[in-house]
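The chain is numbered in sequence order, starting from 1.
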Amino acid sequence: MHSGPRFAQLPSPPYYAVIFSSQRSPHDEDGYAATAARMVELAREQPGFLGYESARDASGFGITVAYFDSEANIAAWRQHAEHAAARREGHRTWYEHIELRIARVERAYGGIRREQA
């Protein structure tokens with residue numbers, strides 16, 4: 001599901017994080033991979049989409065964080081027909097368990113570790 005930089009290039013806060021934690025089922029790997037790639041492509045076209053970060057371990061547990069500029073744009077993304085169809089298939093086939101959380105990011109810190117001289 002990953003394409004592009006590992007860390008999303010984001011503006012200064014505030015903005016919103018949609019945190020999707022999931023445990024994959026062993027069913028329909030090809031369908032899942034194709035749909036996951038399509039959802040990234042489609043999300044990038046949505047108004048207010050700022051970027052995403054995603055990781056999945058060998059056991060199938062994953063976390064994807066999608067960043068948006070407003071709650072209104074998150075709601076619009078949720079209502080997108082193709083995204084809604086992918087969610088339904090996810091519940092039916094691809095996931096054993098999911099959790100979704102939406103948070104407002106007030107502060108953000110980070111950077112590259114530098115060697116001490």
Side-chain angles (χ1 to χ4, degrees):
M1 181 172 167
H2 196 282
S3 65
R6 288 194 174 280
F7 294 93
Q9 303 299 305
L10 300 168
S12 296
Y15 49 83
Y16 291 85
V18 179
I19 306 158
F20 179 68
S21 302
S22 64
Q23 179 64 50
R24 281 275 291 117
S25 76
H27 308 294
D28 189 22
E29 293 288 335
D30 292 340
Y32 171 78
T35 301
R38 174 64 180 145
M39 289 303 103
V40 168
E41 178 184 303
L42 195 58
R44 286 182 171 138
E45 298 172 1
Q46 300 312 299
F49 178 78
L50 302 173
Y52 80 102
E53 297 163 338
S54 188
R56 186 167 302 280
D57 71 14
S59 76
F61 177 75
I63 298 175
T64 296
V65 183
Y67 300 98
F68 284 85
D69 66 353
S70 70
E71 287 186 276
N73 282 328
I74 293 169
W77 170 232
R78 179 167 174 74
Q79 297 305 315
H80 189 284
E82 196 172 341
H83 181 219
R87 285 196 321 275
R88 285 190 300 275
E89 187 62 26
H91 288 288
R92 188 172 31 247
T93 306
W94 299 319
Y95 299 114
E96 292 177 3
H97 186 108
I98 64 164
E99 298 289 337
L100 184 77
R101 298 164 180 99
I102 298 173
R104 181 178 159 105
V105 176
E106 298 289 340
R107 288 177 298 285
Y109 307 94
I112 300 169
R113 184 178 135 216
R114 308 228 187 263
E115 294 297 322
Q116 299 293 328

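Taking every heavy atom of both residues into account, E106 and P13 meet most closely at O-CB, 3.4 Å. Minimum interatomic distance between R38 and E82 (heavy atoms only, all atoms of both residues): NE-OE2, 2.7 Å.
Within the 3.5 Å criterion, the main-chain N or O of Q23 finds no donor-acceptor partner in the side chain of H97. Between the Q9 side chain and the F7 main chain, a donor and an acceptor come within less than 3.5 Å of each other.
Identified under the salt bridge (charged side-chain N to carboxylate O under 4.0 Å, His left out) test for residues 64-81, with sequence neighbours left out: none.
Atom NE2 of H80 and atom CG of L42 lie 4.0 Å apart (nearest 0.5 Å). Of the inter-residue distances, the one linking R104 atom CZ with Y15 atom OH reads 11.5 Å to the nearest 0.5 angstrom.
Linking ILVMFWY residues whenever their side-chain heavy atoms come closer than 4.5 Å, directly or via other members, leaves L100 and Y67 in distinct clusters. Using a 4.5 Å cut-off between side-chain heavy atoms of Ile, Leu, Val, Met, Phe, Trp and Tyr, with links allowed through other members, V105 and L10 fall into the same hydrophobic cluster. The cluster map of Ile, Leu, Val, Met, Phe, Trp and Tyr, joined by side-chain heavy atoms under 4.5 Å apart, puts I102 and L50 in different clusters.
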Let me see the working for S22 and R56 under side chain to side chain donor-acceptor pair (under 3.5 Å), right down to the final yes or no. CA-CA 9 Å; S22 64; R56 186 167 302 280; 3.1 Å; yes

Set out, in order, the CA-CA distance, both residues' side-chain angles and the distance that settles side chain to side chain contact (heavy atoms under 4.5 Å, CB included) for I98 and H91, then state yes or no. CA-CA 8 Å; I98 64 164; H91 288 288; 3.1 Å; yes

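T35 places none of its side-chain heavy atoms less than 4.5 Å from the side chain of E89. Side-chain contact check for W77 versus F49: every heavy-atom pair is 4.5 Å or farther apart. In this structure, R92 and S25 have side chains that are not in contact, with every pair of non-hydrogen atoms separated by 4.5 Å or more.
Between Y32 and W94, the ring-plane angle classifies as perpendicular under the 30° and 60° cut-offs.
For the pairing with Y52, the side chain to side chain contact (heavy atoms under 4.5 Å, CB included) check across V40, V18, V65 returns one residue only, V40.
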